[in-house]
Number of protein chains: 2
Amino acid sequence: MAEEIDYESGIPPYRQLAAILRARIEAREIKGRFPSERTLSQEYGVATGTVRKAVAILRDEGYITTAHGWGSQVVAPDQRGEG
Amino acid sequence: MAEEIDYESGIPPYRQLAAILRARIEAREIKGRFPSERTLSQEYGVATGTVRKAVAILRDEGYITTAHGWGSQVVAPDQRGEG
DNA sequence: AGACATTTGTACGTATGTATG
DNA sequence: GCATACATACGTACAAATGTC
C-alpha cells in the first residue's frame, strides 16, 4: 500500500510526492529503473507538472539520474553516500 | 469521410478521438493493423500526445494490442466478446 | 552483421483554461 | 492579483524495439 498525498496537510503535493518517492528509494523498494512520469501521475493521482517537480527534486538531490528519451534511473546507495 | 474533432463540444479531444476510433473498429472499418500514431495525428490534426491518450483508452478497453517498435493490432471481435 | 525506416516509449518545454487559497 | 495545482494539449527530441534490405 503506497502512501498518498494529503491535501489537508498544507505541504505542497509535489513536495509530499518527492518525500514519498525518496522514502521508497531509501527503503530499496524502488531500484534500478524509475517509474515514468505518466505512471507516477496515474499512481498518485496528480498532474504531470506535479510529478515533474517532484522528480526534479530527487534528481537535484542525487537520488536519480534522468536521460532524455529513456527515463530515470535510481542511483545506487553506494554511489551517493550509503543512505 | 471521417468524423472530426469538435473543439466546441466541451469533450476533450482525446476522448472524442477514442470514441471515433472505437466506432471505426466496431464498424469493421479498421481491422488488422492499426494506423500509427503519426498517421492518426496527421489525419485528425491533433498532437501525438492526444493520439497516445486515445490509443491508451482503446488498449485499456481491449480493442487493440500494442507492441513497441511494431505498432498496434486490432483485436478480432470474437476475441473480445462479439461486439 | 550492418544500415535503414518505421513505430512506440519517454522526456522536455511550453501553453491554455479552470479552480482554489 | 498572485501562486499553486489540475487537466489538457501542442510540438520536439532522443531512446529502444521491430522489420526489412
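Treat the numbers as computed from the prediction; the structure is a model and nothing was measured. Here is the naming used below: chain letters follow the sequence lines, and residue numbers restart at 1 for every chain.
Put simply, the side chain of H68(B) and the base of dA17(D) share no donor and acceptor less than 3.5 Å apart.
Out of dG9(C), dT10(C), dT4(D), the shortest distance to the side chain of R59(B) is found at dG9(C). Nearest to the side chain of Y14(B), among dT8(D), dA15(D), dC10(D), sits dT8(D). Taking only side-chain atoms of S36(B), from C-beta outward, the nucleotide of dT10(C), dT8(C), dT8(D) with the closest atom is dT8(C). For R52(A), counting side-chain heavy atoms from C-beta on, the closest listed nucleotide (dG11(D), dC12(C), dA15(D)) is dC12(C). Of the listed nucleotides (dC12(C), dA5(D), dT8(C)), dA5(D) has the atom at the smallest distance from the side chain of P13(A).
Between the C1' atom of dT8(C) and the CD1 atom of I64(B) lies a distance of 12 Å, rounded to the nearest Å. Note: CZ (R38(B)) to C1' (dC10(D)) measures 16 Å, nearest angstrom. For E37(B) and dT7(C), the CD to P distance is 10 Å, given to the nearest whole Å. Straight-line distance from the CH2 atom of W70(B) to the C1' atom of dA17(D): 13 Å, rounded to whole Å. Between the NZ atom of K53(B) and the P atom of dG9(C) there is a distance of 15 Å, rounded to whole Å. For R33(B) and dT18(D), the CZ to C1' distance is 9 Å, given to the nearest whole Å. Atom P of nucleotide dA11(C) and atom CG of L58(A) are separated by 13 Å, given to the nearest angstrom. Between L17(A) atom CG and dT4(D) atom P there is a gap of 17 Å when expressed in whole angstrom units.
Residues F34(A) and T66(A) fail the side-chain proximity criterion, which asks for heavy atoms closer than 4.5 Å. No side-chain heavy atom of T48(A) sits less than 4.5 Å from a side-chain heavy atom of R38(A).
Across every non-hydrogen atom of A18(B) and L58(B), the tightest pair is O-CD2, 3.6 Å.
The residue among T48(A) and F34(A) whose nearest nucleotide of DNA chain C is located toward the 5' end is F34(A). Between G69(B) and V46(A), the one whose closest nucleotide on DNA chain D sits nearer the 5' end is V46(A). Between V51(B) and G45(A), the one whose closest nucleotide on DNA chain D sits nearer the 5' end is G45(A).
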Item to check | Stepwise salt bridge (charged side-chain N to carboxylate O under 4.0 Å, His left out) check, E43(B) with R24(B) | outcome: CA-CA 14 Å; E43(B) 184 174 348; R24(B) 291 181 63 185; 3.2 Å; yes

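By the 4.0 Å N-to-carboxylate-O rule, E29(A) lies too far from R22(A) to be salt-bridged with it.
The residue G71(A) sits close only to the backbone: its heavy atoms come under 4.0 Å of sugar-phosphate atoms, none of a base.
Between Y7(B) and dC10(D) there is a side-chain N or O to OP1 or OP2 distance below 4.0 Å.
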